[in-house]
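Please read the structure below before turning to the comments.
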Amino acid sequence: MAGVRRLQLEEALALGSEWRHACHALLYAPDPGLLFGRIPLRYAVLMQMRFDGRLGFPGGLVNRQDGSLEDGLNRELSEELGEAAAAFRVERTDYRSSHVGSGPHVVAHFYAKLLTLEQLTAVEIGAPRAKDHGLEVLGLVRVPLYTLRDGVGGLPAFLENSFIGTAREQLLEALKDLRLVESGSLSKAAGRRISAPP
């Protein structure tokens, strides 16, 4: 992540008023399903296709009048995912990281929220009726957390897509830290050794 610097949350919150804050969330749930009756799915992880054709996580810019980062993020989730987002709330305990880049004065905050499979499925079903569907958000997609026998299909192929900002690195770090996939298979899928950003 060239030009990107990791910050502690307190450091990010202490930045001046010229800085804007963007919050995004990885939503995931245990999934006991089997692909083709034999490949364990383990977890369902949601990402979204954005208006610019890149993959990212639900969320966006938060406003000072939102009250807190989490209040702003939950507002964004409601706008992008619809009514099903009201069944859960992203809290400070779901916080994972903050980063700044060399570009405009924007701090990106990243969260990961564990849901039930029923909650996650309700989000998928309701998202097409959300306020921002078809505008900022073109659709939701589940991340394939498996690698097919050919060594390419599944997660390795998914990682070849175009991601916005640090979304690819955030995904890989969360998959590793939350143990949603085995570390060895994750490194192989990513095509490089997975390490935390600086």
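All figures in this text were calculated on a predicted structure; none of them were measured in a lab. Values below: every heavy atom of this structure, side chains too, minus hydrogens, waters and symmetry copies. Numbering of residues begins at 1 and proceeds along the displayed sequence.
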Is there side-chain contact between [X] and [Y], with at least one heavy-atom pair below 4.5 Å?
X: K113; Y: L77; value: no
X: L55; Y: M49; value: yes
X: S97; Y: R6; value: yes
X: T166; Y: F110; value: no
X: L171; Y: V45; value: yes
X: L9; Y: L69; value: yes
X: F51; Y: L135; value: no
X: V123; Y: F88; value: yes

Straight-line distance of [X] [atom1] to [Y] [atom2], nearest 0.5 Å:
X: D94; Y: L27; atom1: CG; atom2: CG; result: 9.5 Å
X: H21; Y: L73; atom1: NE2; atom2: CG; result: 13.5 Å
X: L114; Y: L26; atom1: CG; atom2: CG; result: 10.5 Å
X: L175; Y: L145; atom1: CG; atom2: CG; result: 6.0 Å
X: Q170; Y: H99; atom1: CD; atom2: NE2; result: 6.5 Å
X: E80; Y: F57; atom1: CD; atom2: CZ; result: 13.0 Å

Which atom names give the shortest non-hydrogen contact between [X] and [Y], and what distance separates them?
X: A22; Y: V106; answer: CB-CG1, 4.1 Å
X: L34; Y: R38; answer: CB-N, 3.8 Å
X: R92; Y: L13; answer: NH1-CD1, 4.2 Å
X: A130; Y: G82; answer: CB-N, 3.3 Å

Exercise. Quick one: side chain to side chain donor-acceptor pair (under 3.5 Å) partners of Y28, sequence neighbours excluded?
Worked result: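 If we apply the side chain to side chain donor-acceptor pair (under 3.5 Å) test to Y28, skipping adjacent residues, there are no hits.
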Exercise. Can you check whether V137's main-chain N or O pairs, donor with acceptor, with D132's side chain at less than 3.5 Å?
Worked result: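 Side chain of D132 to backbone of V137: no pair is present.
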Exercise. Side chain of Q119, backbone of A87: donor and acceptor closer than 3.5 Å?
Worked result: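 Such a contact is found between Q119 side chain and A87 backbone.
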Problem set entry | N-O pairing of E11 and R5 below 4.0 Å |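 Result for this pair is yes, salt bridge flagged.
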Exercise. Does a side-chain N-to-carboxylate-O contact under 4.0 Å join R142 and E124?
Worked result: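 Salt bridge: yes.
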Might you confirm whether atom [atom1] of [X] has over 12 heavy atoms from other residues, nucleotides or ligands at distances under 6.0 Å?
X: E18; atom1: CD; result: yes
X: R129; atom1: CZ; result: no
X: E91; atom1: CD; result: yes

Exercise. Hey, quick one: are L138 and V141 part of the same hydrophobic cluster, counting side-chain heavy atoms closer than 4.5 Å, chains of contacts allowed?
Worked result: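 Looking at the clustering, V141 is in the same group as L138.
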Exercise. Under a single-linkage definition using a 4.5 Å side-chain heavy-atom cutoff for Ile, Leu, Val, Met, Phe, Trp and Tyr, are L172 and V181 assigned to the same hydrophobic cluster?
Worked result: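 Looking at the clustering, V181 is in the same group as L172.
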Show me the donor-acceptor pairs within less than 3.5 Å that the side chains of residues 150-165 make with the rest of the protein, sequence neighbours left out.
residue : atom : partner : partner atom : Å
D150    : OD1  : V152    : N            : 2.8
D150    : OD1  : G153    : N            : 2.8
N161    : ND2  : F158    : O            : 2.8

